[in-house]
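Below: the structure, in C-alpha cells.
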Protein chains: 2
Amino acid sequence: MALDPAGDRAPEDLTTRARIRDAAIRLFAERGIGPATIRDIAKAAGVSSGLVRHHFGSKEALRDACDAYAMDRMNRLWEQMFAEGRLADQAFMGSVHPTAMRLQNYLVRSMMDGSDAASSMFESMVEVGEQFLAAQKVESADLRAYSAVLCAMQMGVFLMHDQLSRVLGVDVRTRAGYARTSSGFVDVFSRPLITPEQAAQLHAAVDRMHVPPSDSDAQDVATEGAVHDDRRDSR
Amino acid sequence: MALDPAGDRAPEDLTTRARIRDAAIRLFAERGIGPATIRDIAKAAGVSSGLVRHHFGSKEALRDACDAYAMDRMNRLWEQMFAEGRLADQAFMGSVHPTAMRLQNYLVRSMMDGSDAASSMFESMVEVGEQFLAAQKVESADLRAYSAVLCAMQMGVFLMHDQLSRVLGVDVRTRAGYARTSSGFVDVFSRPLITPEQAAQLHAAVDRMHVPPSDSDAQDVATEGAVHDDRRDSR
DNA sequence: GTCCCCGCTACACAGCTGTGTAGTAATCTG
DNA sequence: CAGATTACTACACAGCTGTGTAGCGGGGAC
C-alpha cells in the first residue's frame, strides 16, 4: 500500500478502471461534480456508461474513489518532494508537475463541492500550516485563522484558473502559464502589502466588528434602490 | 414554504421579480449555477416555476440579470465606500456587510462557473490591482501576474467558505466568522512569509521552468503504480 | 471439453431538468 | 363600464440524469 520496494511500479495503468478514474478526475475538476455526468465520463474513457457503474457502483462511490486516489497520490508526491528532498531535482519536479496540477485541481474542486474526504484534507493542511507558522515564530492573534485563510487563498488560484488564463493571456495549465502564476505567488508571499500601522488599524477595526453598534444585521442595505427591479419586459 | 425562520429579512416591499432574483443569487452562490434548479429558486422565492421564466425568459437570462444586478450593486457599494469615503463609517460598513457578502459570494461563484460578465469584472479587478501595485512602486518582474494571483487568492476565501467555517468552528458568513477571516487576511498581507533570498531562489527556479530539461511534459509520472487500480469488487 | 467468472455492452426505467402552452386572476387604460 | 395588458399558475413535453437488469464474449479452472 505504501512504499512498496519492488514490483510496485507496474506500467499497467492501462487498466480500464484506471482510465475511467482518470477521466472522472479530469471532468469532475473541469465542470464540477454535479454537471459532470457519468455518460460523459464513460465517453471520455472510451467505455460504456454501464461499465462505470460496474467498476465503481455509483457516482458517489466513483467520487470517493477519485478522492482516495488523488489524496493518496498527492501524499506520495509530497513525501517524495519534502521527505525525500527531491524538491531541487529539476527533472523530477518537471515530470511531476502535470500530474500534481491535475490532482490538485481535482481535490480543490472536490473540496469546494463538499467532499468529506477532501474537506478533512483541507483541515490537515490548515493544521500543518498552523504548525509551520508557529515554528516560524510568527506572532498573530489568531494563528489558525491565519493558516486557514492562507490555505483558502491558495485554493483560489486553482479554482480560478480559467479566469487567470484569460487575464494572463496564457493557459495556466501549461508550463509557461504555471510559471507566471508561480511568479505571482512568490511576489505575494515575499513582501508585505500593508504597513504595520495599517495592519494595527485594520485589526482594531476587526475587533470593533465583534460588537456591532446596533442590531443592524437585520436592516439590510440591499433593499434600497435597485436598478433592475422594475423592468417590466422579460424577453 | 418560506425558509426564513424569524422574519430574517426581505419583507413584502420587494417586487416579486426582485425576490426571485435574490433567491437565484442565493441558490446560485450556494450550489453553483448548474445544480441550482429553476424550480428550487421558484420555491425559495415562494412563486411558481413558470413565473421565473415569465420574468426572466430562461435560466441563462436569469443568470445574466443576476450578474448585472450584483455587479451594479457592488459597484455602487464600492463607490460609497471608497469615493464617498464611508469606509470609516462603522454603522454603514456594518449594515453593508451582509449584502456585500452575498453579492461577492455570488459574483465569485458566477465567475468560476464561466460567466462572461463576471469574468470581465475579474479582469478589471486585476487591472485596478495592477495600477495600485504600480502606484505603490512595488517592484516585480511580472506585475500583472502578481495582481492576478492576488485577486484569485481573494476569490478563494469566498469560494472555500464552507471549509473555512468547518476549520474555524464558526460560520464565516456571520459577523464573528467574518471577523476571523478578516484577521487572517490582514495577517497574510501585513508580513512576508518568505525571505528575499528564498524569493530569489524561487524566482530562479520558476525561470528555469520555462525551458524544461527534456520534453517530459508527455512523460507523465501519474502512470506509475497506483494503489486503487486493481481492486476487483465494485460494490 | 464444460463451466463459470469477469469485463463489458445495450437497453429500460423513473425522476428531474429546462422549456413551452393554455388558462385564470388582477390591474391598468380608455 | 369594456378591453387589454400584465402577473401568475397548472400542466405537458422532450431530453438528460443516475440507476437497474439482462445478456454477450473470452479466458482460466476443473
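Computed from a predicted model, the values in this text were never measured in an experiment.
- Remark: Asp162(B) does not engage Arg166(B) in a salt bridge, criterion side-chain N to carboxylate O under 4.0 Å.
- A salt bridge does not link Asp22(A) with Arg26(A): none of the charged nitrogens is closer than 4.0 Å to a carboxylate oxygen.
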If a protein heavy atom is under 4.0 Å from the base, mark B; if only from the sugar-phosphate, S; if neither, -; do that for nucleotides 9-16 of chain C going 5' to 3'.
B--B----
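- The salt bridge (Lys or Arg N to Asp or Glu O under 4.0 Å) pairs that include a residue from residues 90-99 of chain B number zero, where partners must be two or more places apart or lie in different chains.
- In this structure, CZ of Phe56(A) is placed 13 Å from C1' of dG7(C), rounded to the nearest angstrom.
- Rounded to an integer number of Å, the gap from Arg17(A) CZ to dG7(C) P is 10 Å.
- Closest approach of Val167(B) and Glu123(A) over heavy atoms only: CG2-CA, 4.0 Å.
- What separates CD1 of Ile33(B) from C1' of dT17(C) is a distance of 16 Å, to the nearest Å.
- Under 4.0 angstrom from either OP1 or OP2 of dC8(D) there lies at least one side-chain N or O belonging to His55(B).
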Kindly list each side-chain donor-acceptor pair under 3.5 angstrom involving residues 112-122 of chain A, sequence neighbours excluded, with atom names and distances?
| residue | atom | partner | partner atom | Å |
| --- | --- | --- | --- | --- |
| Asp113(A) | OD2 | Ile33(A) | N | 3.0 |
| Ser115(A) | OG | Asp67(A) | OD2 | 2.6 |
| Ser115(A) | OG | Ala117(A) | N | 3.3 |
| Ser115(A) | OG | Ala118(A) | N | 3.1 |
| Ser119(A) | OG | Ser115(A) | O | 2.8 |
| Ser119(A) | OG | Gln163(B) | NE2 | 3.2 |
| Ser120(A) | OG | Ala117(A) | O | 2.7 |

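- Atom pair Ile41(B):CD1 and dC8(D):C1' shows a separation of 18 Å (rounding to whole Å applied).
- For Lys59(A), counting side-chain heavy atoms from C-beta on, the closest listed nucleotide (dC8(D), dT19(D), dT19(C)) is dT19(D).
- Taking CZ from Arg17(B) and CZ from Phe56(B), the interatomic distance works out to 4.0 Å, rounded to the nearest 0.5 Å.
- Heavy atoms of Ala42(B) sit nowhere under 4.0 angstrom from any nucleic acid atom.
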